[in-house]
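All remarks here apply to the structure that follows.
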Amino acid sequence: MKTFGITFLLASLAISTPASAQNANTDKRVDRLEQEMRAVQRKVFQGGSTRYFEPEITAENGPASPKTVNTTSAVTDLIARVDALESSLANLTGQVEENGFRLKKIEDKLAAAETQTVKTNSPTASTPTATGSKPKAAPEAAPDPERVVGVAAIVMPDTGDVAEDSYIYGYRLWEAKFYPEAQTQLKKMAEDHSAHRRASFAQNLLGRAYLDDGKPALASVALYENYQKRPRGERAPDSLYFLSTALVQLKKKDDACRVLSELQDVYPEVASGRLADRITSGKAAANCK
């Protein structure tokens with residue numbers, strides 16, 4: 001519907017601009033006529049009220065004629081011109097009203113078209129079949145029985161620490177390579193127990209589960225959020241490393257190098273300690289200088 005909006009804006013500008021210019025021109029002409037009228041009034045009522053000022057127009061050079069004829073002719077001319085101006089203004093007003101009416105009709109049509117488009121594109125809308133019934137949804141694929149049995153075999157621990165148990169269960173799913181199930185469990189753990197120390201572990205492992213599942217874009221989001229939300233978390237440095245890995249897979253090697261550089265700046269002890277080998281291999285993968 002953007003095209004309709006732009007068309008309507010251009011139509012509005014095309015209609016309003018000439019009217020505005022004509023109104024401005026008319027205002028100037030009226031101002032000039034008022035000045036001329038005042039000058040004529042001073043000539044007609046000489047010695048009258050002091051509110052009148054010196055003429056701002058001058059008479060044309062030519063043979064003198066009786067004052068009464070001059071003033072009467074001038075007043076008559078001005079009245080005729082003012083009448084013409086009033087007629088012109090009335091015409092302009094009529095045109096503006098007509099344009100406003102036309103634009104209102106255009107707006108109504110656009111609104112109706114937008115409403116129809118929304119209804120057509122609505123997820124709940126469906127196209128009847130030839131018999132008049134709604135098309136049936138495609139049946140969902142039956143779950144792999146072996147997978148169901150394998151996931152069911154993963155046991156959630158029961159140590160009394162709900163957050164710890166939730167993380168360990170997600171870790172076990174990831175270790176068994178049930179990546180979609182692990183992603184669901186780890187994401188839930190990080191959201192439900194965001195203040196627990198294991199939340200940093202769960203969010204970092206969520207990013208790794210996305211990477212192992214071939215989803216580097218989702219991995220980069222999860223890993224960056226872990227570093228951003230929990231910079232003092234125990235797995236925040238690890239999230240920066242795995243973020244660089246995701247960026248390399250997304251063909252953003254320059255960004256991966258910047259992430260590794262930040263890892264070294266923010267966590268120098270970890271970068272030179274347990275993550276030293278990973279940083280070296282990460283820089284090689286990203287062709288960092």
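Nothing fancy with the numbering, it's 1 onward along the sequence. Predicted model only: the values in this text are computed from it and were never measured.
- Within 6.0 Å of OH on Tyr224 lie no more than 12 heavy atoms contributed by other residues, nucleotides or ligands.
- Contact between Pro216 and Leu211 at its shortest, heavy atoms only, is CA-CD2, 4.2 Å.
- Of all the heavy atoms in Asn226 and Ser239, the pair that sits closest is ND2-OG, 2.8 Å.
- Residues meeting the side-chain contact (heavy atoms from CB on, under 4.5 Å) test with Pro180, sequence neighbours left out: Arg147, Asp213.
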Distance-only criterion, 3.5 Å: show the donor-acceptor pairs between side-chain atoms of residues 151-170 and protein atoms not counting sequence neighbours.
| residue | atom | partner | partner atom | Å |
| --- | --- | --- | --- | --- |
| Thr159 | OG1 | Asp161 | N | 3.4 |
| Thr159 | OG1 | Asp165 | OD1 | 2.6 |
| Thr159 | OG1 | Asp165 | OD2 | 3.4 |
| Asp161 | OD1 | Ala163 | N | 3.3 |
| Asp161 | OD1 | Glu164 | N | 3.2 |
| Asp161 | OD2 | His196 | NE2 | 3.4 |
| Glu164 | OE1 | Arg198 | NE | 2.9 |
| Glu164 | OE2 | Arg198 | NE | 3.2 |
| Glu164 | OE2 | Arg198 | NH2 | 3.0 |
| Asp165 | OD1 | Thr159 | N | 3.3 |
| Asp165 | OD2 | Thr159 | N | 2.9 |
| Ser166 | OG | Gln185 | NE2 | 2.7 |

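- The side-chain contact (heavy atoms from CB on, under 4.5 Å) check on Val266 picks up Tyr227, Glu262, with sequence neighbours excluded.
- Across all non-hydrogen atoms, the minimal contact from Asp238 to Arg274 is OD1-NH2, 2.7 Å.
- Of the inter-residue distances, the one linking Leu206 atom CG with Phe201 atom CZ reads 15.0 Å to the nearest 0.5 angstrom.
- The nearest pair of heavy atoms linking Pro237 to Gly233 is CD-O, 3.9 Å.
- The CG atom of Leu205 sits 9.0 Å away from the CZ atom of Phe242 when rounded to the nearest 0.5 Å.
- The OH atom of Tyr171 sits 4.5 Å away from atom CD of Glu175, with the distance rounded to the nearest 0.5 Å.
- Here the straight-line distance linking atom CG of Leu223 with atom CD of Glu225 works out to 9.5 Å at 0.5 Å rounding.
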For residues 187-194, run the donor-acceptor check on the side chains, cut-off 3.5 Å, and write out each pair with its distance to 0.1 Å, sequence neighbours left out.
| residue | atom | partner | partner atom | Å |
| --- | --- | --- | --- | --- |
| Lys188 | NZ | Asp192 | OD2 | 2.7 |

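- Residues Leu243 and Tyr241 share a single hydrophobic cluster, defined by chaining ILVMFWY side chains whose heavy atoms lie under 4.5 Å apart.
- Judged purely by atom type and a 3.5 angstrom limit, Ser200 has no side-chain atom pairing as donor or acceptor with the backbone of Arg197.
- For the pair Trp174/Asp212, a side-chain contact is recorded, criterion being any heavy-atom separation below 4.5 Å from C-beta on.
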Which donor-acceptor pairs under 3.5 Å do side chains of residues 247-259 form with protein atoms, sequence neighbours excluded?
| residue | atom | partner | partner atom | Å |
| --- | --- | --- | --- | --- |
| Asp255 | OD1 | Arg258 | NH2 | 2.2 |

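- Counting heavy atoms from C-beta on, the side chains of Arg230 and Gln203 come closer than 4.5 Å.
- In the hydrophobic cluster analysis, where Ile, Leu, Val, Met, Phe, Trp and Tyr join through side-chain heavy atoms closer than 4.5 angstrom, Leu275 is grouped together with Tyr267.
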Can you list, pair by pair, the side-chain donor-acceptor contacts under 3.5 Å of residues 280-289, counting residues two or more places apart and other chains?
| residue | atom | partner | partner atom | Å |
| --- | --- | --- | --- | --- |
| Thr280 | OG1 | Ala276 | O | 3.1 |
| Ser281 | OG | Asp277 | O | 3.4 |
| Ser281 | OG | Arg278 | O | 2.9 |
| Lys283 | NZ | Gln264 | OE1 | 2.9 |

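- Leu240 has its side chain out of reach of Leu260: every pair of non-hydrogen atoms, C-beta onward, lies at least 4.5 Å apart.
- Remark: Ile279 CD1 to Leu263 CG distance equals 4.0 Å, nearest 0.5 Å.
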